[in-house]
Asker: 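Once you've had a glance at the structure underneath, I'll fire off some questions.
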Amino acid sequence: QESPQIAQPSPKPRPLEVRVEELKRTDFQVRVASHGLIQAHSQVNLTAQVGGRVQTIRSGFDVGALFEKDEVLLELDPVDFEEALANAKAQLAQTEFNLKQERIRAEQARLNWEDLGYEDEPSEMVLRIPHVKLAESQLERAKEQLVSAQRNLERTKVRAPFDGRVLSR
């Protein structure tokens, strides 16, 4: 005979255990063992666009040092370039004076022509038109020389073209 099955009482459900923790952002260092050669993506040699004697080198400009874009890395002696700038300013003032003088002479030549009672149109030479054009072109050249002198003075400061690291000095 089979024994009657005794009904086992069903176990009571156990409450779930829950634990709440607040997440916190932390930094940690991961170490990865590897082998290889680290090399810069590109290397450049920095040189000044003008020649001169190095006057100042940025402190800390040593092998391995970092630098930022547009940072002055070294400066050349600016004395010769400051003199060239002063000369260019003086030349510009002189050519401006010459142009004004030629324009006044041209106007006076026209007045003299009219005072003399000539009926026909005076020639370009009588009106000093070639002289005025020459003075105008000299003025333009003097302006260009001033810009060039200012640019050369600025170039005595060798600036970093981008962020980088010093490989050799």
Side-chain angles (χ1 to χ4, degrees), residues 22-113 122-169:
E22 186 176 329
L23 296 178
K24 294 179 185 172
R25 173 179 261 171
T26 60
D27 293 330
F28 61 94
Q29 186 174 9
V30 176
R31 294 181 186 249
V32 178
S34 68
H35 292 80
L37 177 64
I38 297 175
Q39 189 171 346
H41 182 300
S42 59
Q43 297 178 15
V44 294
N45 292 323
L46 291 180
T47 57
Q49 291 179 301
V50 294
R53 185 179 62 80
V54 174
Q55 177 176 297
T56 308
I57 298 176
R58 186 196 83 166
S59 65
F61 188 69
D62 297 314
V63 173
L66 297 173
F67 55 84
E68 294 179 2
K69 181 178 181 175
D70 293 328
E71 186 176 342
V72 176
L73 302 177
L74 64 91
E75 293 183 49
L76 302 177
D77 187 358
V79 171
D80 294 336
F81 299 98
E82 291 167 344
E83 180 182 351
L85 180 60
N87 287 338
K89 287 178 180 178
Q91 183 65 33
L92 178 61
Q94 180 67 48
T95 57
E96 287 172 339
F97 172 77
N98 291 346
L99 178 58
K100 287 178 185 176
Q101 197 172 34
E102 283 304 326
R103 286 181 174 158
I104 289 169
R105 286 178 181 161
E107 182 60 31
Q108 187 61 50
R110 175 170 289 288
L111 292 173
N112 289 347
W113 184 265
S123 70
E124 286 189 356
M125 283 303 280
V126 170
L127 295 178
R128 303 187 60 83
I129 292 174
H131 298 85
V132 172
K133 287 183 179 179
L134 176 63
E136 287 172 345
S137 67
Q138 288 172 339
L139 177 62
E140 288 306 310
R141 178 66 184 135
K143 287 178 181 178
E144 291 168 4
Q145 287 176 332
L146 178 63
V147 169
S148 177
Q150 289 169 328
R151 184 176 49 243
N152 286 342
L153 178 59
E154 179 59 30
R155 287 177 175 170
T156 61
K157 295 178 182 175
V158 177
R159 297 182 184 278
F162 45 76
D163 293 348
R165 182 181 301 262
V166 178
L167 180 62
S168 65
R169 181 175 145 178

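Each residue takes its place number in the sequence, starting with 1.
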Asker: Quick one: side-chain hydrogen bond (donor to acceptor under 3.5 Å, both in side chains) partners of Arg103, sequence neighbours excluded?
Answerer: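 With sequence neighbours excluded, Arg103 shows a side-chain hydrogen bond (donor to acceptor under 3.5 Å, both in side chains) to Glu136, given in chain and number order.
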Asker: Side-chain atoms of residues 61-71: list all donor-acceptor pairs with protein atoms under 3.5 Å, sequence neighbours left out, distances to 0.1 Å.
Answerer:
residue : atom : partner : partner atom : Å
Asp62   : OD1  : Arg169  : NH1          : 3.3
Glu71   : OE1  : Arg58   : NH1          : 3.3
Glu71   : OE1  : Glu68   : N            : 2.9
Glu71   : OE2  : Arg58   : NE           : 3.4
Glu71   : OE2  : Arg58   : NH1          : 2.2

Asker: Please name all residues satisfying side-chain hydrogen bond (donor to acceptor under 3.5 Å, both in side chains) with Asn152, sequence neighbours left out, ordered by chain then number.
Answerer: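 With sequence neighbours excluded, Asn152 shows a side-chain hydrogen bond (donor to acceptor under 3.5 Å, both in side chains) to no residue whatsoever.
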Asker: Rounded at 0.5 Å granularity, tell me how far CD in Glu75 sits from CG in Leu73.
Answerer: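 Between atom CD of Glu75 and atom CG of Leu73 there are 10.5 Å.
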Asker: To the nearest 0.5 Å, what is the distance between NZ (Lys133) and CD1 (Ile129)?
Answerer: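 Between Lys133 NZ and Ile129 CD1, I get 6.5 Å after rounding to 0.5 Å.
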Asker: Would you mind checking if Glu144 and Arg141 are paired as a salt bridge, meaning a charged N to carboxylate O distance below 4.0 Å?
Answerer: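 Yes, Arg141 and Glu144 are salt-bridged.
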Asker: Donor-acceptor pairs are to be reported for all side-chain atoms of residues 31-38 against protein atoms at under 3.5 Å, with residues two or more places apart or in another chain.
Answerer:
none

Asker: So, for Leu153 and Pro78, which heavy atoms are closest and what is the spacing to 0.1 Å?
Answerer: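 Residues Leu153 and Pro78, closest heavy atoms: CD1-CB, 3.8 Å.
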Asker: Using every non-hydrogen atom in the two residues, find where Ala109 and Leu127 come nearest and quote the distance to one decimal.
Answerer: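 Answer, listing the atom of Ala109 first, then Leu127: CB-CA, 4.4 Å.
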Asker: Which atom names give the shortest non-hydrogen contact between Met125 and Pro130, and what distance separates them?
Answerer: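 Looking at all heavy atoms of both residues, the shortest contact is SD-CG, 3.6 Å.
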Asker: Side chains of Glu102 and Asn98: closer than 4.5 Å at any heavy-atom pair?
Answerer: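 No, every pair of side-chain atoms sits at 4.5 Å or beyond.
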Asker: Which atoms form the tightest heavy-atom contact between Ala48 and Leu76, and what is the distance?
Answerer: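 Looking at all heavy atoms of both residues, the closest pair is CB-CD1, 3.6 Å.
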Asker: Pairs in or reaching into residues 76-95: which pass salt bridge (Lys or Arg N to Asp or Glu O under 4.0 Å), with residues at least two apart or in two chains?
Answerer: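 Pairs touching residues 76-95 that pass the test: Arg53-Asp77.
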Asker: Which residues pass the salt bridge (charged side-chain N to carboxylate O under 4.0 Å, His left out) test with Lys143, sequence neighbours left out?
Answerer: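 In terms of salt bridge (charged side-chain N to carboxylate O under 4.0 Å, His left out), with neighbours along the sequence ignored, Lys143 is linked to Glu140.
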Asker: Return the minimal non-hydrogen interatomic distance between Thr95 and Gln138, and the atom names on each side.
Answerer: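 Nearest heavy atoms, Thr95 then Gln138: CG2-O, 3.8 Å.
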Asker: Is there a side-chain contact between His131 and Arg105 (heavy atoms, below 4.5 Å)?
Answerer: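 When only atoms from C-beta onward are counted, Arg105 and His131 do not touch, as no gap falls below 4.5 Å.
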Asker: Indicate yes or no: at least one non-hydrogen side-chain atom of Thr56 is less than 4.5 angstrom from one of Leu74.
Answerer: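 Answer no - side chains too far apart.
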Asker: Evaluate side-chain contact (heavy atoms from CB on, under 4.5 Å) for Leu99 paired with Val132, printing each intermediate quantity in order.
Answerer: CA-CA 6 Å; Leu99 178 58; Val132 172; 4.2 Å; yes
Asker: Could you measure the distance from the OG1 atom of Thr156 to the CZ atom of Arg151? Nearest 0.5 Å is fine.
Answerer: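 If we round to the nearest 0.5 Å, Thr156:OG1 and Arg151:CZ are 13.5 Å apart.
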Asker: Judged by modelled atom types alone, do Asn87 and Gln91 share a side-chain donor-acceptor pair under 3.5 Å?
Answerer: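 Per modelled atom types, Asn87 and Gln91 side chains form no pair under 3.5 Å.
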Asker: Roughly how far apart are Leu134 CG and Arg128 CZ, rounded to 0.5 Å?
Answerer: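 Taking CG in Leu134 and CZ in Arg128, the distance rounds to 10.5 Å.
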Asker: Considering all heavy atoms of both residues, which atom of Leu46 and which atom of Pro161 are nearest to each other, and what is their separation?
Answerer: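 So the two residues come closest at CD2-CD, 3.6 Å.
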